[in-house]
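Letters A, B, ... mirror the listed sequences (proteins, then strands); counts begin at 1.
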Number of protein chains: 2
Amino acid sequence: MKLTTKGRYAVMAMADLASNINSGPISLREISLRQNISVAYLEQIFIKLKKRKLVKSSRGATGGYLLEKPASEIRISNIIFAVDEEVKMLNCKKNSKKGCNNKTTKCITHNLWDELDQHIHQFFEKVKLQDLVKKELN
Amino acid sequence: MKLTTKGRYAVMAMADLASNINSGPISLREISLRQNISVAYLEQIFIKLKKRKLVKSSRGATGGYLLEKPASEIRISNIIFAVDEEVKMLNCKKNSKKGCNNKTTKCITHNLWDELDQHIHQFFEKVKLQDLVKKELN
DNA sequence: CTAATTCCTATTAAAATAGTCGGATTTAAA
DNA sequence: TTTAAATCCGACTATTTTAATAGGAATTAG
């Protein structure tokens, strides 16, 4: 589970969509203005969200994006995964020369990072997009 | 809570110390060989560990490092904090211009990242250095 | 047509991380 | 008293990752 501002932007943008569900397709320009993220950067993010079937698009003037499923069926983990691809950055598999190569002896911390990764994953698994939008209303 | 390989190295090195508790001061050279981390890099890490009173050093030939407290009293969170200083990288405070400035409206994801941060912190708070060393014996 | 949009790829800029280097100081032991 | 091995210290460099921009092509409502 990789956590960067790109992931945060993606969640913000998705929450923005979820908050404006009745307005027809939302253009990236609108999201850009509301969330203060450049359109070009949002484009990159939305291509990935679309690939993972979290949003659908309509092109041309008055085009934009809509949630592909109800906000209650989209988990935060789905969003993070969509834009940050890589599943694990915390453990040792990344640099196979150094540290833990998983062959002879696992490095001492191997299990620890694995467990943390699961921990984080479960956290994002529990929270749905709908929950964020509700919270915002408080 | 910031998570980098430097933090992982620090945990590995501390676990190494804890595993060799009866051998007198352990030199960075030994740790370097066992854990495959350069001595120069270990130096940087140990200066910080020392500052936070997690290890004590003796200088000169035959010098090296020892745990300052029993492994059962050192939490993983202590180690991560010692080397990675910064408390939060996940939330929005980092870049104050963009995203959440916490004044007008909190950005939608603000609470989410805060909660995650606590979540991770609690995880590392629970695990003690001693636990790692025990696990290694399996 | 035109303007606004998604779509696509490549490139650049900025920041963070990882790691090195050179030397000063300390100390046990030959 | 010399030597070798160690900690200590600060600056520097290299690498990688992340963030963001640039320049267009394709699509479509009005």
Between [X] and [Y] (side chain of the first, backbone of the second, donor and acceptor by atom type, cut-off under 3.5 Å), is there such a pair?
X: B:S32; Y: B:I37; result: yes
X: A:S38; Y: A:Y41; result: yes
X: A:E30; Y: A:S27; result: yes

- [ ] For nucleotides 10-15 of chain D, just jot down a letter per nucleotide in 5' to 3' order: B, S or -, based on protein non-hydrogen atoms under 4.0 Å.
- [x] -B----
Let me know the distance between [atom1] of [X] and [atom2] of [N], rounded to the nearest Å.
X: A:I31; N: C:dT5; atom1: CD1; atom2: P; result: 12 Å
X: A:L28; N: C:dA3; atom1: CG; atom2: P; result: 21 Å
X: A:I47; N: C:dC8; atom1: CD1; atom2: P; result: 5 Å
X: A:L49; N: C:dC8; atom1: CG; atom2: P; result: 14 Å
X: B:Y41; N: D:dC9; atom1: OH; atom2: C1'; result: 17 Å
X: A:I45; N: D:dT21; atom1: CD1; atom2: C1'; result: 14 Å
X: B:K51; N: D:dT7; atom1: NZ; atom2: P; result: 17 Å
X: A:N36; N: D:dA19; atom1: CG; atom2: P; result: 15 Å

Open item on the list: The side chain of A:Y65 is closest to which nucleotide in this list: C:dC7, C:dT17, D:dA20?
Closed with: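 Comparing C:dC7, C:dT17, D:dA20 against the side chain of A:Y65, the answer is C:dC7.
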Open item on the list: I want to verify a distance call: between C:dG19, C:dA18, D:dA19, whose nearest atom is closest to the B:T5 side chain?
Closed with: C:dA18
Open item on the list: Does D:dT18 have its OP1 or OP2 closer than 4.0 Å to a side-chain nitrogen or oxygen of A:T4?
Closed with: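 The answer is no; no side-chain N or O of A:T4 sits under 4.0 Å from OP1 or OP2.
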Open item on the list: Any side-chain N or O of A:Y9 below 4.0 angstrom from OP1/OP2 of D:dA19?
Closed with: no
How are the rings of [X] and [Y] set to each other: parallel, tilted or perpendicular (split at 30° and 60°)?
X: B:F123; Y: A:H119; answer: tilted
X: B:W113; Y: A:F124; answer: perpendicular
X: A:F46; Y: A:Y65; answer: tilted

Open item on the list: Set out, in order, the CA-CA distance, both residues' side-chain angles and the distance that settles side chain to side chain contact (heavy atoms under 4.5 Å, CB included) for A:N111 and B:L132, then state yes or no.
Closed with: CA-CA 9 Å; A:N111 292 328; B:L132 284 192; over 6 Å; no
- [ ] Describe the nucleic acid contact of A:K50 in one word from base, sugar-phosphate, nothing, applying a heavy-atom distance below 4.0 Å.
- [x]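 A:K50: backbone/sugar contact only, no base atoms under 4.0 Å.
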Open item on the list: At 4.0 Å (heavy atoms only), tell me whether A:F46 reaches a base, stays on the sugar-phosphate, or touches nothing.
Closed with: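 Here A:F46 touches no strand at all.
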Task: Residue pair A:D84, A:L3: steps toward the side chain to side chain contact (heavy atoms under 4.5 Å, CB included) verdict - done: CA-CA 7 Å; A:D84 280 339; A:L3 300 168; 5.7 Å; no
For nucleotides 27-30 of chain D, list the nitrogen or oxygen atoms of the protein found under 3.5 Å from its nitrogen or oxygen atoms, one pair per line.
unit_1: D:dT27; atom_1: O2; unit_2: A:G60; atom_2: N; d: 3.3
unit_1: D:dT28; atom_1: O2; unit_2: A:A61; atom_2: N; d: 3.3

- [ ] Please lay out, stage by stage, how B:L54 and B:E68 fare under the test side chain to side chain contact (heavy atoms under 4.5 Å, CB included).
- [x] CA-CA 5 Å; B:L54 297 175; B:E68 173 84 43; 5.7 Å; no
- [ ] Output, in order, the C-alpha distance, side-chain angles, deciding distance and verdict of side chain to side chain contact (heavy atoms under 4.5 Å, CB included) for A:I21 and A:V133.
- [x] CA-CA 11 Å; A:I21 203 85; A:V133 181; over 6 Å; no
- [ ] Find the bend of the helix from C:dC1-D:dG30 to C:dA30-D:dT1 as the angle between its two terminal axes (five pairs each), to the nearest 10°.
- [x] 0°
- [ ] Grab the two heavy atoms, one from B:S72 and one from B:K128, that are nearest each other, plus how far apart they are.
- [x] O-CD, 2.8 Å
TODO: Looking only at non-hydrogen atoms, find the nearest pair between A:V83 and A:A10 and report the distance.
DONE: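 Shortest heavy-atom contact: CG1-CB, 3.7 Å.
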